Amino acid sequence: MRYHIITYGCQMNVHESEKIAGLLKKHGHKEGVGIDDADIIVFNTCCIRDTAEKRALGNIGALKKRKNADKNLIIAVVGCMTQQKGFAEKLRAVYPFVDIILGTNNLSLLPRLIELNDKKNAVKIEQDDTYDADAPVETFRTSYPNAWVNIMYGCNNFCSYCIVPYVRGREISRKPADILAEISFLLDGGYKEITLLGQNVNSYRYESFDFKYLLSKIAETDKKFRLRFMTSHPKDFNRGVIDVIKSSKNICKHIHLPAQSGSDRILKLMNRSYTSAQYIDLAAAIYDNIDGALLSTDLMVGFPTETEEDFDCTLGLVERCNFSQAFTFVYSPRAGTASANMPDLSAEIKKSRITRLIKAQNKVTKAVSDGFKGKTLEILIEDERDGRLVGRTDNGRLVSVEKSGGQKIGDFADVKILSSKSASLEGVFVGE
Ligand code: 5AD
Ligand code: SF4
């Protein structure tokens with residue numbers, strides 16, 4: 001049968017969809033050309049914010065007519081959204097035409113349930129199942145020259161706004177030997193960039209091996225490749241990691257370090273376990289020690305009780321930390337989390353703050369980009385669009401270059417930066 005997977009949410013989910021595709025291919029299914037061509041439609045969902053959740057539910061609902069007309073169509077809903085308390089029952093009641101509902105740890109059951117096509121037994125959401133479809137041979141990778149590699153699953157932090165620890169369960173770190181074997185397989189297969197994934201990579205620990213050890217072990221190879229990782233938590237960021245990055249030619253000088261807020265009062269309510277001064281210290285240590293490092297972040301506005309003063313502190317952090325990029329979010333209450341019972345701020349206040357935050361960050365983003373003008377930098381070419389090649393600098397800036405010679409996706413090339421457009425740069429290949 002032909003399948004189509006629709007992915008919502010983060011890179012973690014994109015990679016999980018690659019594993020689902022690998023499983024389906026292993027069982028003889030083929031990728032369809034699009035949703036209309038597919039006999040199996042898999043919704044790999046996300047519930048971190050209500051926007052992603054609403055989008056998924058809308059798209060599932062839109063299949064009702066087609067399913068009524070075509071009883072052989074198989075619809076599966078998997079991933080984070082299904083792990084919420086009472087969700088499977090609710091989904092069954094509202095969309096009885098959904099065939100299979102699986103939790104994040106039960107994905108390996110998907111091919112078998114497709115084969116059985118038996119609705120009565122097609123719901124499984126157990127957090128303690130050990131799902132580790134990391135067998136590198138099976139994952140159907142879609143992001144060459146980059147390959148995603150999970151180093152850990154779950155989260156122990158319980159930030160008061162966040163649903164992830166409830167739906168993904170507690171932290172489990174993978175064995176270093178398995179991670180190293182997967183990466184070695186990928187590098188032998190020609191991948192040029194490895195991105196390590198975890199909700200909080202800095203708390204990676206397997207027996208006596210920590211994240212610093214893992215990074216230095218992975219970077220220890222003669223092969224030329226780029227090593228990235230996400231996401232880092234400021235409270236667990238071990239400064240020894242800075243030394244490892246500094247002394248390695250493979251580890252990229254870009255750190256994604258979500259700050260969430262610049263107000264100490266809000267950070268405390270968020271249960272983030274650091275103050276803005278501690279965050280600023282860490283940012284300074286990164287900038288001072290790693291030549292050319294860039295820092296990106298996640299910021300949230302409209303957390304319950306956030307005042308204009310609190311919000312001003314977040315604007316202040318944007319100025320102070322010179323973020324190369326910020327992913328900005330409007331707080332949305334998630335049922336079951338600690339902050340869900342606190343009074344939500346009005347939509348007007350949230351809208352006004354997110355608009356001002358984006359404007360402030362755009363100014364910083366543009367200034368960081370302008371700083372690249374005239375420099376010659378190495379990029380890894382990742383994509384080709386409209387006759388132009390698109391790559392990334394070591395510190396994470398996107399660069400678009402007119403195709404002029406034999407360069408192709410997966411090549412490293414030197415580029416002279418001529419101009420900048422907010423978060424991206426334009427340049428020409430050097431030496432032609
Ligand atoms: N509302 C808005 N944004 C959220 N995030 C996590 N939970 C919520 C929520 N309830 C944001 C955080 C996190 C990013 C992945 O999503 O900024 O770092
Ligand atoms: Fe959510 Fe906090 Fe864990 Fe990140 S660290 S996944 S924001 S609970």
Side-chain angles (χ1 to χ4, degrees), residues 7-16 45-55 79-81 83-84 104 127 150-173 196-205 211 229-237 255-263 266-274 279 282 295-306 311 314 317-318 321 323 325-345 347 349-351 353-354 357-358 361:
T7 309
Y8 301 86
C10 59
Q11 270 84 4
M12 196 89 76
N13 257 18
V14 173
H15 182 41
E16 222 129 76
T45 62
C46 167
C47 61
I48 199 154
R49 287 173 295 276
D50 65 348
T51 37
E53 190 164 277
K54 283 202 182 104
R55 217 164 345 115
C80 284
M81 205 161 90
Q83 298 277 159
Q84 295 174 93
T104 43
Q127 262 190 4
N150 281 109
I151 61 166
M152 60 192 300
Y153 301 98
C155 182
N156 291 351
N157 288 317
F158 290 94
C159 299
S160 63
Y161 51 81
C162 187
I163 190 108
V164 169
Y166 301 90
V167 296
R168 293 255 170 194
R170 295 296 69 72
E171 286 174 5
I172 300 175
S173 293
L196 308 179
L197 292 177
Q199 304 291 353
N200 176 9
V201 290
N202 310 98
S203 67
Y204 173 88
R205 176 161 287 275
F211 184 56
F229 54 87
M230 63 189 302
T231 290
S232 295
H233 194 309
K235 86 174 161 63
D236 294 317
F237 198 99
I255 293 168
H256 184 65
L257 193 67
Q260 311 300 358
S261 169
S263 153
I266 295 294
L267 286 170
K268 195 152 196 240
L269 286 174
M270 286 177 164
N271 192 27
R272 290 291 288 178
S273 311
Y274 54 85
Y279 185 95
L282 179 56
L295 199 64
S296 59
T297 198
D298 291 350
L299 296 168
M300 200 189 296
V301 299
F303 185 83
T305 79
E306 184 188 67
F311 174 65
T314 303
L317 195 75
V318 165
C321 290
F323 297 121
Q325 212 175 351
F327 298 91
T328 51
F329 303 105
V330 173
Y331 168 78
S332 72
R334 305 279 69 208
T337 60
S339 66
N341 298 325
M342 298 175 74
D344 202 7
L345 295 184
I349 291 180
K350 288 176 172 177
K351 191 162 174 221
R353 290 186 188 158
I354 193 81
L357 178 63
I358 291 171
Q361 178 57 44

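Read the numbers this way: they start at 1 and go in the same order the structure lists the ligands and their atoms. The model shown is predicted, which means the values in this text are computed figures rather than measured ones. Throughout, residue positions are numbered sequentially from 1 according to the sequence presented.
- Contacts between Ile163 and ligand 1, counted as non-hydrogen atom pairs separated by less than 4.0 Å, are absent for every part of the residue.
- Residue contacts to atom 1 (Fe) of ligand 2: Cys162 brings an N, O or S atom closer than 2.8 Å.
- The shortest N or O to N or O distance between Tyr331 and ligand 1 is not under 3.5 Å.
- Of the heavy atoms in Asp298, only side-chain atoms (C-beta onward) come closer than 4.0 Å to ligand 1.
- Remark: minimum distance from atom 7 (S) of ligand 2 to any protein heavy atom is reached at Tyr161 OH, 3.4 Å.
- Heavy-atom contacts of His233 reach the following atoms of ligand 2: 5 (S) (cutoff under 4.0 Å).
- Between the choices Lys350, Met300, His256, the shortest heavy-atom distance to atom 4 (C) of ligand 1 belongs to Met300.
- Donor-acceptor pairing under 3.5 Å is lacking for the side chains of Thr231 and His256.
- Ser339 and Tyr331 share a donor-acceptor pair across their side chains, judged by distance under 3.5 Å alone.
- Scanning all protein heavy atoms for the shortest distance to atom 9 (C) of ligand 1 gives Ser332 O, 3.6 Å.
- Not a single heavy atom of Leu299 sits less than 4.0 Å from an atom of ligand 1.
- In summary, the side chains of Asn202 and Lys235 do not present any donor paired with an acceptor at a separation below 3.5 Å, with no hydrogens or angles considered.
- Considering backbone and side-chain N/O of Tyr161, one or more are found under 3.5 Å from N/O of ligand 1.
- A side-chain N or O of Ser203 and one of Glu171 form a donor-acceptor pair less than 3.5 Å apart.
- Among all protein heavy atoms, the one lying closest to atom 17 (O) of ligand 1 is Gln260 OE1, 2.7 Å.
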